[in-house]
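Along the sequence shown, residues carry numbers from 1.
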Amino acid sequence: MTYPLGLNLSGRRVLVVGGGPVAARRVPGLLAEGAVVDLVAPRVTGDLRELATAGELTWHERGFAPEDLDGAWLVLAHTDSPDIQDLVAREAERRRVFCVKGGDAAHSAAWVPATARAHGVTVAVNATGDPVRAKRVAAWMAARLESGEIPVGAHRASEDGVEREPGAQAPGTVALVGGGPGDPGLLTLRGRRLLAGADVVVADRLGPTSLLPELSDHARIVDVGKRAGYHKVTQDRINETLVAEARLGHRVVRLKGGDPFVFGRGGEEVEYCHAHSIRTEVVPGVTSAISVPAAAGIPVTHRDLAHGFTVITAHEELHHVPYRDGHTLILMMGVRGLARHCETLVAAGYPPETPVAVVERGWTPEQRCTVGDLASIAATAEQRGVRAPAVILVGRVAALGEDDAVGER
């Protein structure tokens, strides 16, 4: 069992016995914490020699002697001799000096943990003497601290006197965050950090909604989700909400599905905020136009099949989209009226045998892909009960998709 404890080593003497690679890794961290480092070793690495030459530490070019421990608050033993390691640990115990005995965690009085550091927060990880396991856990923690998945708060004063983490959102501003196709793992690091510091989250239905219960612990959630045939909140009302909340001094995050500027009406929201003197930030998201086909194994471009792609909404006039062999057409919001869309494309010059794939609910456990051609896909989709949200691909690459059942990935 270990008792977790942080040590203030500033101005305190720390003895390091041994001058090899392990000692070379430990010493910079001790110096960074302000420790007065005495190094005892007949030979040292080049890095340690440079630190000694620069006066950063005191190097005693000889072997260990028990009296080296006198006045030390902590000793780190990192030699390649088991006998010397035992001697250092034994003498440290007799003098009541905590000893880190390298390579022998079971007989150490202290351990150097693996650490994760981000945004002024340090997390130390001990794993019952298993350094590899501790490092893996620390790496996992560091990624989540850095991303904002673990909120760390703000502790650094800005010019306006407000305590704020570097890079954090300022109060009274709006950040439009692209949430990607719905899987929280596809949210950007910047998006995660902004959500972690938000006071108010104005959320769409198609974003990573599984995060909302977690976010509600520190932010008020305003649900403005829309679905086919029913707009819970009008766009005008959404715009007004963003400005009103920002004027109250809140950090407002507008969490949107996909990318805010790809059929997300993000441009309108930014314009409205700017017209009312509200500063904004836009964080790009992974657009479902490309990521949902990828989830089904369909590349929108392929050297042998497609050299480009076009993304439009099915609300557009499809007869303005001429057929181009070797080009992928991606239709958003096109499930309703699929039969009519297919007829329009055929009338515009698309061969009836052009492959079509409809990918429903991409990046969710209910993802499903339905494949056919322009002549048959509407009937197949109706038979299978295909529903929005879905992305429709028209072109050669669509044939790379495979029909699957709900839940199969």
One should read off an interatomic distance between Met333 CE and Thr313 OG1, to the nearest 0.5 angstrom, of 5.0 Å

side-chain hydrogen bond (donor to acceptor under 3.5 Å, both in side chains) with Thr173: which residues, sequence neighbours excluded?
-> Gln169

Test side chain to side chain contact (heavy atoms under 4.5 Å, CB included) applied to His341 and Thr344, step by step | CA-CA 5 Å; His341 303 327; Thr344 301; 5.6 Å; no

Sequence neighbours left out, what passes salt bridge (charged side-chain N to carboxylate O under 4.0 Å, His left out) with Asp47? Give chain and number order.
-> none

Compile the donor-acceptor pairs under 3.5 Å between side chains in residues 293-309 and protein atoms, sequence neighbours left out, one pair per line.
from   : atom 1 : to     : atom 2 : distance (Å)
His302 : ND1    : Asp304 : N      : 3.1
His307 : NE2    : Gly326 : O      : 3.3

Distance (rounded to the nearest 0.5 Å) between Asp204 CG and Asp223 CG = 9.0 Å

So which heavy atom on Lys101 is nearest to which on Ala89, and how close?
-> CD-CB, 3.9 Å

Heavy-atom distance under 4.5 Å between the side chains of Val177 and Pro260, does that happen here?
-> no

Rounded to the nearest 0.5 Å, what's the gap from OG1 on Thr354 to CG on Leu374? Could you check?
-> 5.0 Å

Side chains of Val386 and Val335: closer than 4.5 Å at any heavy-atom pair?
-> yes

Set of salt bridge (charged side-chain N to carboxylate O under 4.0 Å, His left out) partners for Glu245, sequence neighbours left out = Arg220

State, with a plain yes or no, whether a side-chain heavy atom of Thr58 is found less than 4.5 Å away from one of His60.
-> yes

Would you mind checking if Glu366 and Arg361 are paired as a salt bridge, meaning a charged N to carboxylate O distance below 4.0 Å?
-> no

Would a 4.5 Å heavy-atom cut-off, applied to side chains only, mark Leu338 and Ile392 as touching?
-> yes

Of all residues at least two apart in sequence or in a different chain, which pass the side chain to side chain contact (heavy atoms under 4.5 Å, CB included) check with Glu269?
-> Leu176, Gln235, Ile238, Asn239, Leu242, Arg254, Lys256

Just wondering, do Leu194 and Val283 contact through their side chains at under 4.5 Å, heavy atoms?
-> yes

Sorted by chain and number, sequence neighbours left out, side-chain hydrogen bond (donor to acceptor under 3.5 Å, both in side chains) with Ser376 holds for Asp373

Take atom CD in Glu382; do more than 12 heavy atoms of anything else shown fall under 6.0 Å from it?
-> no

Any donor-acceptor N/O pair, Asp199 side chain to Ala219 backbone, under 3.5 Å = no

Using salt bridge (charged side-chain N to carboxylate O under 4.0 Å, His left out) as the criterion, list what pairs up with Arg117, not counting sequence neighbours.
-> none

Does Glu268 have any side-chain hydrogen bond (donor to acceptor under 3.5 Å, both in side chains) partners at least two apart in sequence or in another chain, and if so, which?
-> Arg265

Heavy-atom nearest pair, Gly385 first then Glu360, reads O-OE1, 4.2 Å

Do Leu345 and Leu329 touch side chain to side chain, with heavy atoms closer than 4.5 Å?
-> yes

Of all residues at least two apart in sequence or in a different chain, which pass the side-chain hydrogen bond (donor to acceptor under 3.5 Å, both in side chains) check with Thr370?
-> Arg384

Rounded distance (nearest 0.5 Å) linking atom OG1 of Thr380 with atom CG of Asp403 | 7.5 Å

What is the minimum heavy-atom distance between Gln367 and Trp363, and which atoms define it?
-> OE1-N, 2.9 Å

Flag side-chain contact, heavy atom, 4.5 Å: Ser81 against Asp86 | no

Hey, are Asp325 and Arg396 close enough for a salt bridge, meaning a charged N less than 4.0 Å from a carboxylate O?
-> yes

Mind running side chain to side chain contact (heavy atoms under 4.5 Å, CB included) on Val391 and Val358 for me, showing each step along the way?
-> CA-CA 6 Å; Val391 175; Val358 183; over 6 Å; no

Stepwise side chain to side chain contact (heavy atoms under 4.5 Å, CB included) test for Asp183 and Thr364 = CA-CA 7 Å; Asp183 184 337; Thr364 73; over 6 Å; no

Report all side-chain donor-acceptor pairs from residues 271-281 shorter than 3.5 Å, counting only partners two or more places apart or in another chain.
from   : atom 1 : to     : atom 2 : distance (Å)
His274 : NE2    : Thr280 : OG1    : 2.8
His276 : ND1    : Tyr272 : O      : 2.9
Glu281 : OE1    : Arg190 : NH2    : 3.1
Glu281 : OE2    : Arg190 : NE     : 2.9
Glu281 : OE2    : Arg190 : NH2    : 3.3

Kindly write out the residues that satisfy ring-ring contact (aromatic ring centres under 6.0 Å, His included) with Phe64, not counting sequence neighbours, or none if the list is empty.
-> none

Which heavy atom in Gly197 sits nearest to a heavy atom in Arg251, and how many Å separate them?
-> O-CD, 3.4 Å

Arg340 and Glu343: CA distance, side-chain angles, deciding distance, salt bridge (Lys or Arg N to Asp or Glu O under 4.0 Å) verdict | CA-CA 5 Å; Arg340 183 176 68 256; Glu343 292 172 358; over 6 Å; no

Hey, are Glu93 and Arg90 close enough for a salt bridge, meaning a charged N less than 4.0 Å from a carboxylate O?
-> no

Indicate yes or no for a side-chain donor-acceptor contact from Asp259 to the backbone of Thr287 under 3.5 Å, with no hydrogens or angles considered.
-> no

Does CG belonging to Asp80 count more than 12 external heavy atoms closer than 6.0 Å?
-> no

Step through the shown structure and confirm whether more than 12 heavy atoms of other residues, nucleotides or ligands are within 6.0 Å of CZ on Phe98.
-> no

List the atom of Val174, the atom of Ala246, and the distance in Å for their closest heavy-atom pair.
-> CG2-CB, 4.0 Å

Pairwise distance CG(Leu211) to CG(Leu187) - rounded to 0.5 angstrom | 6.5 Å

Looking at side-chain heavy atoms only, is the closest gap between Val40 and Trp59 below 4.5 Å?
-> no

Look at the side chain of Ser108 and the backbone N and O of Trp111, then say whether any donor-acceptor pair between them is shorter than 3.5 Å.
-> no

Assess whether atom CD of Gln383 is packed by more than 12 heavy atoms of other residues, nucleotides or ligands within 6.0 Å.
-> no

For the student: nearest non-hydrogen atoms of Ser210 and Pro184, plus distance | OG-CG, 3.1 Å

For Gln85 and Ala77, indicate whether the former's side chain and the latter's backbone hold a donor-acceptor pair under 3.5 Å.
-> yes

Which pairs would a plain distance check flag for residues 9-29, meaning a side-chain donor or acceptor within less than 3.5 Å of a matching protein atom at least two apart in sequence or in another chain?
from  : atom 1 : to    : atom 2 : distance (Å)
Arg12 : NH1    : Asn8  : O      : 2.7
Arg13 : NE     : Asp38 : OD2    : 2.4
Arg13 : NH1    : Asp68 : O      : 3.1
Arg13 : NH1    : Asp70 : O      : 2.9
Arg13 : NH2    : Asp38 : OD2    : 3.1
Arg13 : NH2    : Asp68 : O      : 2.9

Going through the distances and angles, do Val253 and Val200 end up as a side chain to side chain contact (heavy atoms under 4.5 Å, CB included)?
-> CA-CA 6 Å; Val253 171; Val200 177; over 6 Å; no

